Amino acid sequence: MKKLIFCLAALAFFVSCEPAVSSDNFARLTGQVLDSQTGEPIGKAYVYLVPDTENGINTGNDGYFDFQRLEPGKYTIWAQKKGYVSNHKEVTTKAGEMTDTRLMLDKKEE
């Protein structure tokens, strides 16, 4: 019984402790990729950040993307999709804050 009480007390202690790395130390970047002519969302567009090119993501069907737990700082955000001209813009993220942006893509002329 004493072991059970000790384990429960230890578990309560560890659960109540704050994590060593707070989410306030990170930034978040959200946004949407849209067709420049129609304003319609572009689903399944590939979005990535420079200098962090290893963590690219695809937008949902609604054109939205969400990069979480980023190191705060300046990024160039790129979006691309087959049939569209890729586009980019510079953004600055801050620790503990969410930055929201939009990227417009032009359809390629056929």
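All values derive from a computational prediction rather than experimental measurement.
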Asker: If you measure from CZ on Arg102 to CE on Met104, what distance do you get to the nearest 0.5 Å?
Answerer: 10.0 Å

Asker: Rounded to the nearest 0.5 Å, what separates atom CD in Gln80 from atom CG in Leu105?
Answerer: 9.5 Å

Asker: As an exercise, state the distance from OG1 of Thr76 to OH of Tyr48, rounded to the nearest 0.5 Å.
Answerer: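 With rounding to 0.5 Å, OG1 (Thr76) is 9.5 Å from OH (Tyr48).
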
Asker: Donor-acceptor check, side chain of Gln32 to backbone of Asp62, threshold 3.5 angstrom: yes or no?
Answerer: yes

Asker: How about Leu49 and Phe67: do any of their side-chain heavy atoms sit closer than 4.5 Å?
Answerer: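 They are in contact (side-chain heavy atoms under 4.5 Å apart), so the answer is yes.
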
Asker: Kindly indicate, with the supporting measurements, whether the criterion side chain to side chain contact (heavy atoms under 4.5 Å, CB included) is fulfilled by Tyr75 and Val91.
Answerer: CA-CA 5 Å; Tyr75 292 93; Val91 293; 4.2 Å; yes

Asker: In a check of side-chain contact (heavy atoms from CB on, under 4.5 Å) between Phe65 and each of Thr30, Asn58, Thr101, which one passes?
Answerer: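 That would be Thr101; it is the only one of Thr30, Asn58, Thr101 passing the side-chain contact (heavy atoms from CB on, under 4.5 Å) with Phe65.
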
Asker: Taking the side chain as C-beta and beyond, is there a heavy-atom pair between Leu34 and Ile42 under 4.5 Å?
Answerer: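 Heavy-atom side-chain distance check fails, nothing below 4.5 Å.
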
Asker: Is there a path of hydrophobic side-chain contacts, each under 4.5 Å between heavy atoms of I/L/V/M/F/W/Y residues, joining Val85 to Tyr46?
Answerer: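 No, separate clusters.
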
Asker: Kindly state each residue pair satisfying salt bridge (charged side-chain N to carboxylate O under 4.0 Å, His left out) with at least one member in residues 26-40, sequence neighbours excluded.
Answerer: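 Sorted result for residues 26-40: Arg28-Asp66.
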
Asker: Could you check if a side-chain atom of Thr92 sits within less than 4.5 angstrom of a side-chain atom of Thr99, using non-hydrogen atoms only?
Answerer: no

Asker: Determine which pairs satisfy salt bridge (charged side-chain N to carboxylate O under 4.0 Å, His left out) with at least one residue from residues 71-97, sequence neighbours left out, and list them in order.
Answerer: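 Every pair satisfying salt bridge (charged side-chain N to carboxylate O under 4.0 Å, His left out) with a residue in residues 71-97: there are none.
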
Asker: Indicate yes or no: at least one non-hydrogen side-chain atom of Val50 is less than 4.5 angstrom from one of Trp78.
Answerer: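 Yes; the side chains approach each other to less than 4.5 Å.
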
Asker: With rounding to the nearest 0.5 Å, note down the distance linking CG in Leu103 to OG in Ser86.
Answerer: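 Nearest 0.5 Å value for the CG-OG distance: 10.5 Å.
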
Asker: Could you check Lys108 against Asp106 for salt bridge (Lys or Arg N to Asp or Glu O under 4.0 Å), going step by step and ending with a plain yes or no?
Answerer: CA-CA 6 Å; Lys108 287 184 179 177; Asp106 295 322; over 6 Å; no

Asker: Quick check: closest heavy atoms across Gly63 and Pro41, and the distance to 0.1 Å?
Answerer: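 In this case the closest contact between Gly63 and Pro41 is N-CB, 3.9 Å.
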
Asker: Can you tell me how far the OG1 atom of Thr93 sits from the CZ atom of Phe26, to the nearest 0.5 Å?
Answerer: 11.5 Å

